[in-house]
Amino acid sequence: MFKKILIANRGEIALRVVCACKELGIRTVAVYSEADRHSLHVRFADEAICIGPAKSARSYLDIPSVISAAEISNVDAIHPGYGFLSENAGFAEVCEASGITFIGPKPSVIEAMGFKQHARTAMQKAGIPILPGSKGIIESAEQALEMAEAVGYPVILKASAGGGGRGMRVVNEPAELPNLLAQAQAEAGAAFSCPDMYMEKYIRKPRHIEFQVLADHYGNVEILGERECSIQRRHQKLIEESPSPRVTPEMRKTIGDSLKKAMREVGYTNAGTVEFLMDEDGSLYFIEVNARVQVEHPVTEMVTGIDIVKAQIRIAAGEKLSDILTEPVTMRGHAIECRINAENPVTFTPSPGKITGLNLPGGIGVRVDTWAYSDCVIPPYYDSLVAKLICHAGSRQEAINRSLRALDMFIVEGIHTSIPLHQRILQDPEFQAGDIDTGFIARFLDKSKAAGS
Ligand code: MV4
């Protein structure tokens, strides 16, 4: 097992990794920017090294700075958390070249999964359902028009190197295609230095459902059920839950069995998420693989009782999945996560600043993953996630009720947060009925506006 791990991240996830390391008896090294000097991940790690100024490009994203800190502190491994360098194949390669274990999949697999068109082909080969669309990348507008004709409009153009909705265009009719293709290519070229595009049949009002995977270095793969992540605004998830209200045990088993085979075939190791879209008929189609631990991993931890971050570390250290998961994976009850952001709950503008008063809820079935403390300062340079409230109970309705009572007891003074928004969403009849898709938030906000609240 590793003796010392460097955590190449900040905020709640850096603290989450510190927790896992402490429980495994591993020493931790925090890295921090000048803006995060007083952060809790710095306080609770055994060592801490300042790696640069506030701007991420010069600190958390600066590979030489992170590697220097790892070499100075003589760590065995680096945990990248999510975001920042977590899916950077080049960074994973530099770690390995420096004799430091990167806690994640192999660099070649990170790279392959990062090219969405490649991941799509690999998953299809392994028998995972994909949406009708292009076989390879789009070569010309003429070829795209032929494909779209075969697939049927509407279609969606996606950047092979894309993410977070950038470089995506929905095409409703042939006349629009050439222009939209050129726009998307230009956007993708500028954002990802790769203009490659592929095409899929466009699904209206899909549900976003993702499966949690753990895979060791010996070809063993386990699926830890799924998460429903349809409550999103502008590609930022707000609420996630497990299990999905629409996934039946039969679907879970069918997709799970195919995924085990698929992930083994692509040589996937460590933790990962496989994203699907569900159409109105309830069919699931693969869209992409996230080669990292995700923000919403706690809902899966709550229903399975499996510590995903500890599992990541133990897998990276060469342990077998059968030694990490000593019982068959089962899902118990229902868990809901509310992402509490430092932002105005109505306008969604960021609300950084000093938290002058704080009460964290507790009690049965309540978990709070946060880096906030009384009098801490939320800097303006990074994402606005301040806390995750995760409530677990026997049923979805009980988990909603528990979340509502915990949100009532969650007090954050000095900044605006999304707490009031969560209180309204959880009370919404459509949400309560499990009647959710990726268009939910837009409809909900329109409804709220019309009602003047
Ligand atoms: C789609 C889609 C409809 N049809 N693909 C958005 C981000 C990227 N990860 C995939 N996305 C979508 N892909 C097809 N073929 C609709 C979306 C989409 C979406 C997906 C998940 C969650 C929220 C979303 C919001 C808008 C669009």
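No hydrogens, no waters, no symmetry mates; every other heavy atom, side chains included, goes into these values. First listed ligand is number 1; within each ligand, the first listed atom is number 1.
- The distance from ligand 1 to the heavy atoms of Thr438 drops below 4.0 Å at these ligand atoms: 21 (C), 22 (C), 23 (C), 24 (C).
- With distances taken over non-hydrogen atoms, the option nearest atom 18 (C) of ligand 1 out of His208, Glu210, His235 is His235.
- Here Arg204 has no heavy atoms under 4.0 Å from ligand 1, in either its backbone or its side chain.
- Close contacts of ligand 1 with Glu288, meaning ligand atoms under 4.0 Å from a residue heavy atom, involve 8 (C), 9 (N).
- Those atoms of ligand 1 that come under 4.0 Å of a heavy atom in Ile156, given as number and element, are 1 (C), 5 (N), 14 (C), 15 (N).
- Taking a cut-off of under 4.0 Å to the non-hydrogen atoms of Lys201, the atoms of ligand 1 that pass are 4 (N), 14 (C), 15 (N).
- Below 4.0 Å from some heavy atom of Leu131 lie the following atoms of ligand 1, by number and element: 15 (N).
- The minimum heavy-atom distance between Phe276 and Ile255, with the atom names listed, is CZ-CG2, 3.8 Å.
- The contact set between ligand 1 and Lys158, taken as ligand atoms under 4.0 Å from a residue heavy atom, comprises 1 (C), 5 (N), 10 (C), 13 (N), 14 (C).
- Among all non-hydrogen protein atoms, the one lying nearest atom 20 (C) of ligand 1 is Leu277 CD2, 4.0 Å.
- Judged purely by distance below 3.5 Å, without hydrogens or angles, the side chains of Gln212 and Thr300 never pair a donor atom with an acceptor atom.
- Judged by distance alone, the side chain of Thr370 and the main-chain N or O of Val386 form a donor-acceptor pair under 3.5 Å.
- Geometric assessment of Arg233 against the ring of Phe348 yields a positive cation-pi assignment under the 6.0 Å and 45° thresholds.
- Screening Asn290, Val213, Ile223 for a side-chain contact (heavy atoms from CB on, under 4.5 Å) involving Val274 leaves a single residue, Val213.
- Taking any N or O of Glu200, backbone or side chain, at least one lies under 3.5 Å from an N or O belonging to ligand 1.
- Inclusion of Ile287 in the set of residues having an N or O under 3.5 Å from an N or O of ligand 1 is not warranted.
- Among the candidates Leu426, Asp437, Leu238, the single residue satisfying the side-chain contact (heavy atoms from CB on, under 4.5 Å) test with Ile231 is Leu238.
- Ser448 and Arg424 are linked by a side-chain donor-acceptor pair at a separation below 3.5 angstrom, with hydrogens and angles left out of the test.
- Separating the CD atom in Gln236 from the OG atom in Ser418 is a distance of 11.0 Å, to the nearest 0.5 Å.
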**OP:** Output, in order, the C-alpha distance, side-chain angles, deciding distance and verdict of ring pair (Phe, Tyr, Trp, His ring centres under 6.0 Å) for Tyr382 and Tyr60.
**Re:** CA-CA 10 Å; Tyr382 313 105; Tyr60 300 108; 5.7 Å; yes

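- When hydrogens are left out, the protein atom nearest atom 4 (N) of ligand 1 is Ile203 N, 2.9 Å; that is the closest non-hydrogen contact.
- Closest to atom 17 (C) of ligand 1 among all protein heavy atoms lies Met168 CE, 4.4 Å.
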